[in-house]
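Just the heavy atoms: all of them, side chains too, but no hydrogens, waters or symmetry mates, feed the values below.
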Number of protein chains: 2
Amino acid sequence: MENLDQTLLERFREGDRRSLSRLLTRIENRDPSVPEILDTLYPRTGDAWRLGVTGPPGAGKSTLVNRLVGSYRKKELPVGVIAFDPTSPFTGGALLGDRVRMETVSQDPGVFIRSMATRGHLGGLSVGVDEACDLMDAFGKERIIIETVGVGQSELEVANSADTTIVVLVPQSGDAIQAMKAGLMEIADLYILNKCDRDGADHAFRELVSTVSLKAPEDGWRPPVLRTVAEKGEGLDEVLKAIQEHRQHIIDSGSLEERRHARIAAKTKRFVEDGIRKKLWNEDRNTRRVKGLASASSPYELGEQLIDDFYEEIRHERR
Amino acid sequence: MENLDQTLLERFREGDRRSLSRLLTRIENRDPSVPEILDTLYPRTGDAWRLGVTGPPGAGKSTLVNRLVGSYRKKELPVGVIAFDPTSPFTGGALLGDRVRMETVSQDPGVFIRSMATRGHLGGLSVGVDEACDLMDAFGKERIIIETVGVGQSELEVANSADTTIVVLVPQSGDAIQAMKAGLMEIADLYILNKCDRDGADHAFRELVSTVSLKAPEDGWRPPVLRTVAEKGEGLDEVLKAIQEHRQHIIDSGSLEERRHARIAAKTKRFVEDGIRKKLWNEDRNTRRVKGLASASSPYELGEQLIDDFYEEIRHERR
């Protein structure tokens, strides 16, 4: 790597926030230097606990995340936040209001907040979310909270990047069933029914508990259902306790190791396929692909031609 | 292809529903014979109009789709339905109730209904949705309706497979803003505010209209906002009219051709990358990938090793 990068990495290791920020930007821009940088920092990763906070829009995810950050800071744990919600107060959005309160945490040097864009309008998490977590991990963050936009693929995808996945719902009839349909039951380690000062909270709670109870526990963990009013900070202690219990459980059961191995395998897969894709879709082949059927009778015949062409190119390379 | 496939294809061409069904199953199972089959049938495709129906759970998508099917059948148009919603009455689900009414359309030989599984718990459309549409198209369906589960990636992804994308919402405060957050505004060719017999429908309608009006029209098309009570069939004629207008508009503006070219390019890309992936992740390399860091210090170093290994394998193949 060039000297610039070396200096950047030194500053990063010294805890310079601007360097963290610049490296995160490189991840977002898929800068070619990223793999080597992450490779270098890789030994420093593995200590952070990664929390995914997901659930439908309007469930109060940002407010809850804000509370969690506050609680962790009281314990003097360095916290990183990656927010995908363009309307999240963390990311400067205004739709949800309460930005002011957020600023109290966002001005704390022990907290690093980064917003990332969702992938296209498909709403998937940015490709770099694991890498961004690794970077914050290497930076010394002990708690990393990933807040999804709560729609599109990101809502569920976050579970692949988190050690503990929290699904936030609100008292609303049929919400539990919708969550089930949305596949949230598959990923939840912990359910939070937020805004429990609303009418119908008790009914919604019972509905959620009974829906959750339908699902057999995985590796002996039955996701608890907790009630909060994040706005007022009510129920937060129970949430922290449950997160701690889940953490202990997956450490003891060995499923944390499984999750992390799966994450490494997935990361390797992405890295390999991205690398090959970059070589595959060079300007020439891409043009031929997009021009479509000029050269072939069907997408499948065209595809065969492009595959053969790619392999031929590799064969003709000097070893 | 083996004789079996030939017979199967003949029967398919003769309009045998069981053959269509069997070929759809092959698509879902990613059977190796699929590309060749689709390649053979490709000349028969291109006539069907593909409608995507998306929107949050509980918006009444299935009921609306049911009504659309009924209307098209009155015009004696052959209709295909691909439903991703596991709870859709079309797919035998019961959560939403009204299965009985669905059976009236599902027993009509001019209607072919197929349910497909969403991709994993990420809720993406099945990889084969375009291919399934092509198959129904080649079978002679003139209208193909794709109903999403309304959550996860599928909610937006459907736009890539549809000629006209219909976003169904219900009168609910903030629904328009949530739709905006969800990225639905990016893909809607047509908005339907369903269940307009509910309280607050007028307010929700105005809110939706004003939200929609914020977005500049694309290639001269401003997505209309229509009110329906699909349950009672109210507003359906306006919907059919708007679909027809959108169809005419994108034919005239040439953006239909663009959409279809983009679809072919995407299909080719998937086909090529799937083919290469199949060769790439052979048992050996996959094991090394999943075993993770046994052989390397980081996922990136491991990845480099696997890429080199893959290219070496190709170089050593006999031409």
By a 4.5 Å heavy-atom criterion (distance strictly below it), what part of [X] contacts chain B: side chain, backbone, both, or neither?
X: A:Arg277; value: side chain
X: A:Lys291; value: neither
X: A:Tyr42; value: side chain

Original post:
So does B:Lys278 have more than 12 non-hydrogen atoms from other groups sitting under 6.0 Å from NZ?
Top reply: no
Original post:
Should we count CG of B:Asp199 as having more than 12 external heavy atoms under 6.0 Å?
Top reply: no
Original post:
So, the side chain of B:Arg315 versus the backbone of A:Arg315: is there a donor-acceptor pair under 3.5 Å, distance only?
Top reply: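 Pair absent, no side-chain N/O of B:Arg315 close to backbone of A:Arg315.
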Taking the side chain as C-beta and beyond, is there a heavy-atom pair between [X] and [Y] under 4.5 Å?
X: B:Asp39; Y: A:Ser297; result: yes
X: B:Arg289; Y: A:Phe271; result: no
X: A:Val272; Y: B:Trp281; result: yes

Subject >> Distance, nearest 0.5 Å, that separates CZ of B:Phe310 from OH of A:Tyr311 >> reply: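 Answer for the CZ-OH pair, B:Phe310 versus A:Tyr311, is 4.0 Å.
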Subject >> Nearest-0.5 Å distance that lies between atom CZ in B:Arg288 and atom OG1 in A:Thr268 >> reply: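 These two atoms lie 11.5 Å from each other.
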Which atoms of [X] approach chain A - backbone, side chain, both or neither, heavy atom under 4.5 Å:
X: B:Ile276; answer: both
X: B:Asp309; answer: neither
X: B:Ala262; answer: neither

Subject >> Closest non-hydrogen atom pair between B:Ile307 and A:Gly275, with its separation >> reply: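 So the minimum-distance heavy-atom pair works out to CD1-CA, 4.2 Å.
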Subject >> Most chain A-contacting option - heavy-atom pairs closer than 4.5 Å, from B:Ile264, B:Thr45, B:Leu38, B:Leu302 >> reply: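 So the answer, after comparing B:Ile264, B:Thr45, B:Leu38, B:Leu302, is B:Leu38.
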Original post:
Hey, which of A:Lys267, A:Gln305, A:Lys269 has the most heavy atom pairs under 4.5 Å with chain B?
Top reply: A:Lys269
